Amino acid sequence: MDLWNTTLDNSFFLIGILQNSKYPGLLCATITFLYLVAVTSNILLLLLIAMDKRLHVPMYFLLSQLSLMDLLLTTVNTPKILVDYLHGQSTISFSGCGFQIFLTLTVGGAEDILLAFMAYDRYVAIQHPFNYMIFMRPKICWSMVATSWLLASMNALVHTIYTMHFPFCRTRVISHLLCELPPVLKLACGDTTKYQFMVYTMGVTFLLIPLSVILVSYMLVLTAVFHMPSIRGRKKALLTCSSHLTVVGLYYGGAMFMYVLPSTYHSPQQDNILSVFYTIITPALNPLIYSLRNKDVLGALKKVLGKGLSAPKL
């Protein structure tokens, strides 16, 4: 089988969901709308948390980091998808493909770990309310965020270097809307059996271990919530936890199918839909789930809007 040299001049062709759709224009408009919602809502949530002192607590600090990750995740991929479709040619250079893999794995992996830390935060808030600010002091919160980024970037760097070192066949068509590790690996001409097992192992590590932490934390949280004497406090705790669990379900569902399920169960159409789900749809929904169901965030928004409306006109 002929091989092509993996130099900076070579490019991949991305054939994704837009190219294979019966209504590409409508789908492009939908993706554009979701991207604008994701950017606007996440930036707004970041500004609200920064501006309102009532939101300067560990829970909202971690939520702001989640919004930042969502913003980065969707911005890494969506603009290129839309620009390529408008230009009528979806190509990406060899180095650009590797860079996109690295960024997607880094931000996605950091979000996986951060969601586990957010579950721990809710556990501490409900199980140890009087010592909450001691367990979740600023130094600890920043350590959680730094750990998320560090572990994710190290994992992403190893996978990116190892994936892109393989020789690739002359068929340079990636049946995917972006450069992600599983579809790119399918083009490798060398024996990837052992490496695919390593990808599976790391997928389990970065997805199932944090998910286990989340499930255990919320089992303990729910046990404590149902023993609360105050009905109002119980409802507030359940509302906050249900928002987080909804976000966890949205993100982990697609990511686990993509990186944990064996490649034999994958199809290009399913992979494309899942990638759209966790790189475009989920970042758009996350801030809406938290803000529309959170009285503190809604209160901060009303306060900002109230100041804007009451500002004297020049």
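The structure presented is a predicted model; accordingly, all values stated were derived computationally and were not measured. Any value given below was found using the heavy atoms of this structure, including those in side chains, with hydrogens, waters and symmetry copies removed.
Residues passing the side-chain contact (heavy atoms from CB on, under 4.5 Å) test with I140 are R137, M144, sequence neighbours excluded. Shown here are the ring-ring contact (aromatic ring centres under 6.0 Å, His included) partners of H159, two or more places apart in sequence or in another chain: Y195.
Residue-environment remark: CE (M154) stays at or below the threshold of 12 foreign heavy atoms within 6.0 Å. M219 CE: 12 or fewer foreign heavy atoms inside a 6.0 Å radius.
Taking both residues in full, the closest heavy atoms of M69 and V107 are given as O-CG1, 3.2 Å, listed atom of the first, atom of the second, then distance. Between S148 and L114, the shortest heavy-atom contact is OG-N, 3.6 Å. For the residue pair D112 and P210, the shortest heavy atom distance occurs at O-CB, 3.7 Å. Across all non-hydrogen atoms, the minimal contact from L71 to V39 is CD1-CA, 3.7 Å. Considering all non-hydrogen atoms of both residues, C179 and I92 come closest at SG-CG2, 3.7 Å. Of all non-hydrogen atoms in P58 and Y132, the two that sit nearest each other are CB-OH, 3.4 Å.
Donor-acceptor pairing under 3.5 Å is lacking for the side chains of Y60 and D52. For the residue pair S275 and E180, a side-chain donor N or O sits within less than 3.5 Å of a side-chain acceptor on the partner.
In this pair, Y162 and H165 present their aromatic rings tilted. The plane angle is within the 30 to 60° band.
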**Item:** Trace of the side chain to side chain contact (heavy atoms under 4.5 Å, CB included) decision for D84 with T91
**Value:** CA-CA 7 Å; D84 284 350; T91 60; 5.8 Å; no

**Request:** For side chain to side chain contact (heavy atoms under 4.5 Å, CB included), just list the numbers for M202 and N155, CA-CA rounded to whole Å, side-chain angles, deciding distance to a tenth of an Å, and then say yes or no.
**Result:** CA-CA 8 Å; M202 293 308 296; N155 174 65; 3.1 Å; yes

**Prompt:** So C141 and M136, side chain to side chain contact (heavy atoms under 4.5 Å, CB included) or not? Walk me through it.
**Reply:** CA-CA 6 Å; C141 291; M136 296 298 295; 3.9 Å; yes

**Check against side chain to side chain contact (heavy atoms under 4.5 Å, CB included), L211 and V248** = CA-CA 8 Å; L211 184 59; V248 168; 3.9 Å; yes

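Cluster membership for M51 and V57, using ILVMFWY side-chain heavy atoms within less than 4.5 angstrom, is shared. L105 and L157 fall into different hydrophobic clusters, where Ile, Leu, Val, Met, Phe, Trp and Tyr residues are linked whenever their side-chain heavy atoms come under 4.5 Å apart, directly or through other members. Side-chain heavy atoms closer than 4.5 Å link hydrophobic residues (I, L, V, M, F, W, Y) into clusters, and following such links, possibly through other members, connects L14 to I31. Hydrophobic clustering (ILVMFWY, side-chain heavy atoms < 4.5 Å, transitive): M198 and L185 are in one cluster. V213 and W149 are not part of a single hydrophobic cluster, where members link through side-chain heavy atoms under 4.5 Å apart.
Residues N286 and E111 meet the side-chain proximity criterion, which asks for heavy atoms closer than 4.5 Å. A heavy-atom distance below 4.5 Å is found between the side chains of Q127 and L220. Side-chain contact between L285 and L34 is absent, with no heavy-atom pair separated by less than 4.5 Å. The side-chain heavy atoms of M59 and M118, taken from C-beta on, include no pair separated by under 4.5 Å. Side-chain contact between V204 and I209 is absent, with no heavy atoms from C-beta onward closer than 4.5 Å. Side-chain contact between L66 and L63 is present, with at least one heavy-atom pair separated by less than 4.5 Å. Looking only at side-chain heavy atoms (C-beta outward), V216 and Y123 stay at 4.5 Å or farther from each other. No side-chain heavy atom of P138 sits less than 4.5 Å from a side-chain heavy atom of F61.
Each ring-ring contact (aromatic ring centres under 6.0 Å, His included) pair with one or both residues in residues 32-57, not counting sequence neighbours, would appear here, but there are none.
Between the side chain of N42 and the backbone N or O of A38, at least one donor-acceptor pair lies under 3.5 Å. Looking only at distances, a side-chain donor or acceptor of T74 sits under 3.5 Å from a matching main-chain atom of T279. T40 contributes no side-chain N or O that, together with a main-chain N or O of V37, makes up a donor-acceptor pair within less than 3.5 Å. A donor-acceptor pair is defined here as one N or O able to donate and one able to accept, closer than 3.5 Å; such a pair exists between the side chain of T160 and the backbone of A156. Between the S67 side chain and the S64 main chain, no donor and acceptor come within less than 3.5 Å of each other.
Distance check, rounded to the nearest 0.5 Å: CE of M133 to NE2 of H128 gives 15.5 Å. In this structure, CZ on R172 lies 12.5 Å from SG on C97, to the nearest 0.5 angstrom. Atom NE2 of residue H87 and atom CG of residue L82 lie 11.5 Å apart, to the nearest 0.5 angstrom. Remark: L55 CG to I49 CD1 distance equals 6.0 Å, nearest 0.5 Å. Residue I101 holds its CD1 atom at 11.0 Å from OG1 of T106, rounded to the nearest 0.5 Å. For the atom pair CG (L115) and CG (D121), the distance works out to 12.0 Å, reported to the nearest 0.5 Å.
The aromatic ring centroids of F12 and F168 lie less than 6.0 Å from each other.
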